[in-house]
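Here is the structure we will look at, set down as structure tokens.
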Amino acid sequence: MNRFNFMLTCLAAVSSLTGAPTFAQQPAYPDRPIRLVVGFSAGGGADNVARALADAMGRALGQSVIVDNKPGAGTTLAAGVVARSPADGYTLMLLTSTNTISPSMYKSLSYDPATGFNMISTIAHGPMLIAASKESGIRTLADLVARAKKEPGKLNYGAGGVGTTPHLAALVLQRDAGIQMTHIPYKGGSETAVALVGSQIDVQFGTPPAVAPIASRANILAVTTARRTELAPGVPAGAETVKGYEVASWYGIGGPAGMPKDVIRKLSKAVHTAMADDRLRKQFALLGVEASAGTPEEADKLYASELARWSVIVRSENLKADN
């Protein structure tokens with residue numbers, strides 16, 4: 001027996017006695033901090049959702065989850081960074097309704113929005129509120145629909161910028177109710193709320209955190225979800241007046257396409273553990289959303305259906321990005 005064969009025989013004997021492999025095992029995932037990319041600036045609603053989630057997920061995983069804000073181009077800048085990152089579970093993204101709206105508004109993207117991500121879980125969903133100025137005389141959604149039908153295009157509404165989820169909620173209402181209003185774009189929900197209170201616009205579509213501060217100085221007409229929600233007690237659902245009307249904002253978490261299934265399962269489990277934390281649920285409620293974890297398959301289905309839905313609306317309305 002030559003020297004090489006003798007060494008192999010000895011190694012095999014040791015392995016059979018100890019039952020241990022003769023090669024180094026890979027460290028268990030995650031063995032270093034995870035980056036959670038957010039396509040919005042720090043301090044906003046999405047950023048606050050991400051930071052609350054990162055904290056709770058970090059505890060569940062026993063590893064730091066660090067938020068990395070990369071605003072710009074309607075979240076497509078951040079999405080491109082994540083889609084091109086290694087699919088090892090160490091770069092994730094907070095995906096929102098905007099991620100399924102913006103792609104149709106840009107001529108070219110650095111990633112394929114339909115195939116660029118593996119979804120891990122949904123994490124939250126919430127309504128938008130429809131409010132009217134006191135001076136408008138509009139007290140219910142039925143009043144709004146009747147006025148808009150009587151005087152097409154005369155009612156002005158604000159919904160943040162072009163292509164935002166509140167803007168799309170307004171467009172869907174006009175389509176479903178067969179009405180026409182005029183959009184007055186603003187930079188954000190807070191600025192729109194100020195315009196509503198000042199009667200510069202008649203109607204606002206906005207998130208609960210944007211509308212809540214002016215609730216006593218405006219008429220809250222409806223939530224945009226299919227059913228009433230505890231996030232806005234006593235406020236009717238839009239579908240009670242306009243059959244089938246529903247537009248909800250949502251948040252999910254995903255990573256680059258091609259992530260190992262065991263990594264996806266571990267991350268999904270961590271999200272579910274985080275969602276069971278009362279502290280996180282209360283934080284989400286203050287941000288106007290309700291915690292709602294789902295399976296990776298459910299999250300994939302939601303993302304794909306929203307991408308298809310908004311593509312039709314964006315193209316039919318000929319919406320285009322500002323830059």
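For the single chain, residues carry numbers from 1 onward in sequence order.
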Could you check whether any side-chain heavy atom of [X] comes within less than 4.5 Å of a side-chain heavy atom of [Y], counting everything from C-beta outward?
| X | Y | value |
| --- | --- | --- |
| E306 | W250 | yes |
| V81 | K70 | yes |
| I214 | L196 | yes |
| T122 | E298 | no |
| T224 | Y245 | yes |
| N156 | H183 | no |
| V67 | N69 | yes |
| F284 | V49 | yes |

query: Just one of N48, T75, L94 clears the side-chain contact (heavy atoms from CB on, under 4.5 Å) bar with F40, so which one?
result: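 Single pass found, and it is T75.
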
Hphob cluster co-occupancy, I101 + L95, side-chain heavy atoms under 4.5 angstrom: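 Result: yes, single cluster for both.
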
- request: Could you please spell out the steps behind the side-chain contact (heavy atoms from CB on, under 4.5 Å) verdict for I253 and L36?
  value: CA-CA 9 Å; I253 186 169; L36 178 60; 3.9 Å; yes

- request: May I ask you to check if R84 and Y111 form a cation-pi contact, with NZ or CZ under 6.0 angstrom from the six-membered ring centre and within 45° of the axis?
  value: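 No, R84 does not sit over the ring of Y111.
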
Considering all heavy atoms of both residues, which atom of [X] and which atom of [Y] are nearest to each other, and what is their separation?
| X | Y | result |
| --- | --- | --- |
| A226 | A239 | O-CB, 3.7 Å |
| A274 | A56 | CB-CB, 3.5 Å |
| V145 | A177 | CG2-CB, 4.2 Å |
| H125 | S292 | ND1-OG, 3.0 Å |
| S216 | K134 | O-CE, 3.8 Å |

message: side-chain hydrogen bond (donor to acceptor under 3.5 Å, both in side chains) for Y251 and N99? Distances and angles first, verdict last.
response: CA-CA 10 Å; Y251 296 88; N99 288 98; over 6 Å; no

query: Between R309 and S305, does a side-chain hydrogen bond (donor to acceptor under 3.5 Å, both in side chains) hold up when you go through it step by step?
result: CA-CA 6 Å; R309 179 191 191 190; S305 65; over 6 Å; no

Separation between CG of D112 and OG1 of T115, rounded to the nearest 0.5 Å: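 Output value for this atom pair is 3.0 Å.
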
